[in-house]
Each structure stands twice: as C-alpha cells, then as structure tokens.
Amino acid sequence: MTDSSAPTKPLKHFLQFADLSVTELNYVLDRARIIKGKFKRYEPHQPLHDRTLAMVFEKASTRTRVSFEAGMYQMGGSVIHLTTTDSQLGRSEPIEDTARIVSRMVDLVMIRTFEQTRIERFAEYSRVPVINGLTNEFHPCQVFADIFTFIEHRESIAGKVVAWVGDANNMAYTWIQAAQILGFTLHVSAPTGYKLDPARIVGVGPEVLKEFADPMEACQGAHLVTTDVWTSMGYEAENEDRRKAFADWCVDQEMMAAAAGDALFMHCLPAHRGEEVTAEVIDGPQSVVWDEGENRLHVQKALMEFLLLGHLD
C-alpha cells in the first residue's frame, strides 16, 4: 500500500546493496572517484544546492553522521539531524506517518535504525529517496566504501577473494550481496553459534560464498581480509560470551601472511586492538582502514547525487 498523495514517479532507494544494479553501482563508484578528485583539489562541487537531507538516528553514530552531514554541506545542500529523543519517533508515532510528513519537507532521508523492516516501512511511505545508514541486517554504505577503497588500491574487485573473519552480522550479509553482483568470492569464517543463517543464503552458490570453520583457511590466498567488532550494537549483554567464542578469530599477522602477498586489511571501525584485530595489523602496511573510513564521505556524496539527479554527463 502506498500514500495516494505521493508522486507516481518511481523512487530509487538504497536500503540494501542489491537495490542497485551492477551498472548503477559502477556508475556511482566512478562518480565517487571524480568527486573525491575534486575534493582533494579543493574544487567546489555543489550539484545539490538548495536540497535538504534529513538524517534519522535511532542508533548512535560517528562516521555515518560526519560523512553524510559533511558530504551534503560540501555539495551545497543542508542537513537536519533527528534522533528518537528529539522527534516524535521516540513518542510512538507510527513510522509511516513520520515518513509521510518528513518526506514532504526534505529531498532525501538517511536512516540508521534497528530492524530492516523499519526502514522498509519508512521507504514505502516516503516521497523521496531513502538511504540505509545501517540496520541490524545490512550496512550497504560501508561495503560500498570498502569496495571503492579496494578498487583505488588494487583496481577491479571482480574475480578476487574477500575473507570475512568474524560475526555473521550486517556487514557479512552485505558482502554476500556485493559478491553476487560484482563477481567476486567471499570467504566467511565465524565460530559455532555465530555462523551465517542458512535461510538467508539460500541459492547463493559456492562461486560466491564459501564458509570455513578455520579462519586461517578462510584467509588463504585472499586479496582482502576484513573484520568487525565481535559485539555489535544491541548485543552488549553477550559481550563476555562473544569474547570467549571469538578468541581464535583475531586477525593477526599470521592470518595476513596466509592471504595473498599484496592483500589489504579493512575494518569498518570502531576497532578494538587486541580483540578482533591486532595492533600490528590495523596499524601495519597492509591496512587501508583510514582510506576506507574517509571514502564513506566520497561514496555517499556520489550516492546522494545519483539518487537525486540520476546520471550526469
């Protein structure tokens, strides 16, 4: 069901990585390269003059807020920041009603929330594009930036091997979608009790996804090794149990040595040195985490430009 007063023109949302085709993804990646180049040369790029982005945060954020807010201002637009404590979202207003009203006042909405169904409900009733800034199920903007970073350092990711070492969380499932669309293989290794949900990977073939009980085997020959904190937001009560279960899943120099000779290391941050990754790896020569973090800015600028303006010559 849709709002009868909403425009009939189809909207393009980015709620999960699979919402964009390979052609659209490659276009946004190319635009990110151009936009980043302008940023580095201090060349103004303000195609979103007089456009407004509403950022809705139901989960805490550092990189997501800074990258979206700075990016929108740099492109000539303005930003409204909302949380559950300073809006009706925290006072039991149906999210459908919030979507109906907010999307009449702004040009674009970014939401960082809990269940994927929540952002999907918002998008269903929104008159403007909606971007997933993180949900429990997916983190598409982060993986988009990670892929852009890999391409910057190693050119195409097609045909490569990415090793995910750690929890089968929103990042892992987003990497699976990316592998399906962009043509690379994902190795996943997680401890018992934290592995991928079989119901969510039905139909994903071995050319896309391979699971390993041993993280060292997952890293064997990988062109990129990546991980995340062991305890994601919302699972803090499990912290001690997770620390014990993931003890052998700390990405260290031995794992990186098992990977390809020119393998990169990534982490979506924040990182806990000595837990999911050693200081020697994250601060070492194979780590590109700081480029990865910065590239959230450039990829999201390109994404917002595309969702609002479409293809530019």
Side-chain angles (χ1 to χ4, degrees), residues 63 134-139 142-143 145-147 149-150 157 160-179 184-201 204 206 208-290 292-293:
R63 280 154 293 277
L134 176 144
T135 61
N136 292 347
E137 289 84 0
F138 298 110
H139 199 358
Q142 180 64 60
V143 171
D146 293 357
I147 289 167
T149 305
F150 185 90
I157 198 169
K160 300 297 195 298
V161 174
V162 176
W164 175 263
V165 178
D167 190 12
N169 62 5
N170 52 6
M171 286 289 293
Y173 288 108
T174 306
W175 272 112
I176 293 171
Q177 289 192 345
F184 60 90
T185 301
L186 182 67
H187 290 184
V188 174
S189 181
T192 300
Y194 302 94
K195 296 181 183 294
L196 295 169
D197 179 358
R200 293 189 63 183
I201 56 174
V204 180
V208 171
L209 174 65
K210 297 179 181 178
E211 293 188 76
F212 296 84
D214 185 346
M216 285 291 294
E217 292 184 13
C219 293
Q220 190 70 42
H223 302 94
L224 167 62
V225 178
T226 182
T227 190
D228 193 1
V229 295
W230 291 339
T231 306
S232 299
M233 284 183 288
Y235 297 92
E236 289 80 4
E238 302 175 10
N239 190 50
E240 194 53 42
D241 289 339
R242 285 173 174 263
R243 284 170 62 92
K244 294 175 182 177
F246 283 87
D248 294 331
W249 273 260
C250 175
V251 178
D252 55 18
Q253 289 177 310
E254 187 178 3
M255 286 189 195
M256 294 305 298
D262 63 347
L264 300 175
F265 172 77
M266 293 188 194
H267 190 304
C268 58
L269 302 176
H272 299 144
R273 290 166 175 79
E275 290 189 14
E276 72 275 4
V277 60
T278 63
E280 290 79 10
V281 170
I282 195 171
D283 298 317
Q286 292 172 283
S287 174
V288 291
V289 297
W290 315 121
E292 176 191 6

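Since this is a predicted model, take the numbers as computed values, not measurements. Just the heavy atoms: all of them, side chains too, but no hydrogens, waters or symmetry mates, feed the values below.
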Excluding sequence neighbours, so at least two apart, what forms side chain to side chain donor-acceptor pair (under 3.5 Å) with [X]?
{"X": "Asn169", "value": "Asp228"}
{"X": "Thr226", "value": "none"}
{"X": "Thr149", "value": "Asn295"}

(request) For residues 252-263, pull every pair meeting salt bridge (charged side-chain N to carboxylate O under 4.0 Å, His left out), keeping only residues two or more places apart or in separate chains. (result) Arg154-Asp262
Would you please name every residue forming a side chain to side chain contact (heavy atoms under 4.5 Å, CB included) with [X], sequence neighbours left out?
{"X": "Asp283", "answer": "Arg273, Ala279, Trp290"}
{"X": "Val289", "answer": "Phe265, His267, Ile282, Ser287, Glu292"}
{"X": "Gln286", "answer": "Met256, Ala263"}
{"X": "Gln220", "answer": "Ala258"}

Side chains of [X] and [Y]: does their closest heavy-atom pair fall under 4.5 Å?
{"X": "His139", "Y": "Tyr173", "value": "no"}
{"X": "Gln177", "Y": "Val143", "value": "no"}
{"X": "Gln253", "Y": "Val281", "value": "yes"}

Locate the shortest heavy-atom distance separating [X] from [Y]; write the atom from each residue and the value.
{"X": "Ile176", "Y": "Val208", "result": "O-CG1, 4.1 Å"}
{"X": "Ala172", "Y": "Asp167", "result": "CB-O, 4.0 Å"}
{"X": "Met266", "Y": "Leu224", "result": "CG-CD1, 3.6 Å"}

Rounded to the nearest 0.5 Å, how far does [atom2] of [Y] lie from [atom1] of [X]?
{"X": "Met171", "Y": "Leu134", "atom1": "CE", "atom2": "CG", "value": "9.5 Å"}
{"X": "Leu186", "Y": "Trp164", "atom1": "CG", "atom2": "CH2", "value": "9.0 Å"}
{"X": "Met216", "Y": "Asp248", "atom1": "CE", "atom2": "CG", "value": "11.5 Å"}

(request) Applying salt bridge (charged side-chain N to carboxylate O under 4.0 Å, His left out), name anything that partners Arg200, two or more places apart in sequence or on another chain. (result) none
(message) Suppose we screen for salt bridge (charged side-chain N to carboxylate O under 4.0 Å, His left out). Which residues come up paired with Glu276, at least two apart in sequence or across chains?
(response) none
(request) Check whether any side-chain N or O of His187 sits under 3.5 Å from a backbone N or O of Ala163 as a donor-acceptor pair, and report yes or no. (result) no
(message) So does Phe138 get a backbone contact from the side chain of Thr174, meaning a donor-acceptor N/O pair under 3.5 Å?
(response) no
(request) Check step by step if side-chain contact (heavy atoms from CB on, under 4.5 Å) holds for Trp175 and Phe184. (result) CA-CA 10 Å; Trp175 272 112; Phe184 60 90; 3.6 Å; yes
(request) Could you pull out all residues at least two apart from Trp230 that satisfy ring-ring contact (aromatic ring centres under 6.0 Å, His included)? (result) Phe246
What donor-acceptor contacts under 3.5 angstrom involve side-chain atoms of residues 188-199, with partners at least two apart or in another chain?
residue: Ser189; atom: OG; partner: Phe212; partner atom: O; Å: 3.0
residue: Ser189; atom: OG; partner: Trp249; partner atom: NE1; Å: 2.9
residue: Lys195; atom: NZ; partner: Ala190; partner atom: O; Å: 2.8
residue: Asp197; atom: OD1; partner: Ala199; partner atom: N; Å: 3.0

